[in-house]
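Letters go in sequence order (proteins before strands), and every chain restarts at 1.
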Amino acid sequence: MWNDKKVVKVLEILADYTASWNRPYVERVGEKRDPFQLLIACILSLRTKDEVTARAARNLFSQASTPASLLTLDEKKIAQLIYPVGFYRKKARTIRDISLILLKKYNSRVPDNWEGLLSFPGVGRKTAALVLSQGYGKPAICVDTHVHRITNRWGLVKTKNPEETEKALMEIVPADYWQKINPLLVIFGQRTCKPISPFCSACPLRKDCQKVGVTIHR
DNA sequence: AAAACGGGGGC
DNA sequence: GCCCCAGTTTT
């Protein structure tokens with residue numbers, strides 16, 4: 001059964017296994033760029049793949065990368081820059097709305113706490129957690145679909161609700177590993193523990209995994 | 001051609 | 001809890 005020691009061991013196996021792989025764009029943004037760009041990249045990444053997000057974000061940031069400079073672009077222009085992420089009109093609007101609130105109420109500084117982040121339009125627990133953990137180095141568990149899917153496959157958690165996954169993980173994962181989970185499971189989820197046709201035969205954890213919801217096994 | 005994919009919000 | 005949002009990728 002799962003306990004804190006087993007979780008840590010699994011995370012270390014995965015860190016080894018994925019050590020030489022390129023890191024995803026969004027989960028890497030916080031290491032190199034400011035929380036604002038990380039936040040905007042998170043908005044772009046909603047329901048869109050990492051590579052598409054990366055192209056859109058670089059495109060957008062080449063034109064404007066602060067709340068004030070983004071506000072000089074109208075929604076149409078932003079939409080054009082971030083195409084073809086899904087929901088690009090809605091996201092263009094959200095990006096402007098967030099920029100305006102930041103400029104007016106936060107002196108252009110992204111909040112570093114749950115309450116502040118969750119008060120923004122288009123920001124839910126996943127985005128807030130990623131900004132906290134990757135942008136500010138605070139201990140938050142960011143449950144995106146990779147984390148949700150993979151921990152359920154393992155049998156570490158058993159729920160359809162990402163918020164319950166977050167709670168369950170907070171119970172069992174030592175706090176100094178909270179920030180590592182998301183980047184690690186995202187990279188692992190993109191290349192091995194994929195939503196469809198996961199490469200179970202190449203997975204270092206295949207013996208322990210309960211393969212919950214695995215669609216096609218090869 | 002059709003199904004799968006991925007967060008948040010509004011109801 | 002259910003459904004919508006709009007595009008790309010995979011089958």
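Checking the phosphate oxygens (OP1, OP2) of C:dG7, no side-chain nitrogen or oxygen of A:Y83 falls inside 4.0 Å. When the side-chain nitrogen and oxygen atoms of A:T145 are compared with OP1 and OP2 of B:dC5, none of them lie within a distance under 4.0 Å. Phosphate contact (OP1/OP2 of C:dT11, side-chain N/O of A:S197, threshold under 4.0 Å): present.
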Using atom types as modelled, flag every donor-acceptor pair under 3.5 Å from a side chain in residues 74-87 of chain A to any protein atom, sequence neighbours excluded.
unit_1, atom_1, unit_2, atom_2, d
A:D74, OD1, A:K76, N, 3.3
A:D74, OD1, A:K77, N, 2.8

Using distance only, find each side-chain donor-acceptor pair of residues 2-9 of chain A under 3.5 Å and give its atom names and separation, not counting sequence neighbours.
unit_1, atom_1, unit_2, atom_2, d
A:W2, NE1, A:W154, O, 3.4
A:N3, OD1, A:K5, N, 3.0
A:N3, OD1, A:K6, N, 2.8

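Look at the P atom in both C:dC3 and B:dA4: the space between them is 16 Å, to the nearest Å.
Judged as a side chain to side chain donor-acceptor pair (under 3.5 Å), and not counting sequence neighbours, the contacts of A:T66 are A:S69. Shown here are the side chain to side chain donor-acceptor pair (under 3.5 Å) partners of A:T165, two or more places apart in sequence or in another chain: A:H148.
Using a 4.0 Å heavy-atom cutoff across all strands shown, A:K90 reaches at least one base atom of the nucleic acid.
Secondary structure note: stems in DNA chain B built from 3 or more consecutive Watson-Crick or G-U wobble pairs under 3.5 Å occupy B:1-5 with C:7-11, B:7-11 with C:1-5.
Listed by first and then second residue, the side-chain hydrogen bond (donor to acceptor under 3.5 Å, both in side chains) pairs involving residues 99-110 of chain A amount to none (not counting sequence neighbours).
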- Item | Intermediate values then yes/no, side-chain hydrogen bond (donor to acceptor under 3.5 Å, both in side chains), A:S45 and A:Y25 | CA-CA 10 Å; A:S45 79; A:Y25 175 78; over 6 Å; no
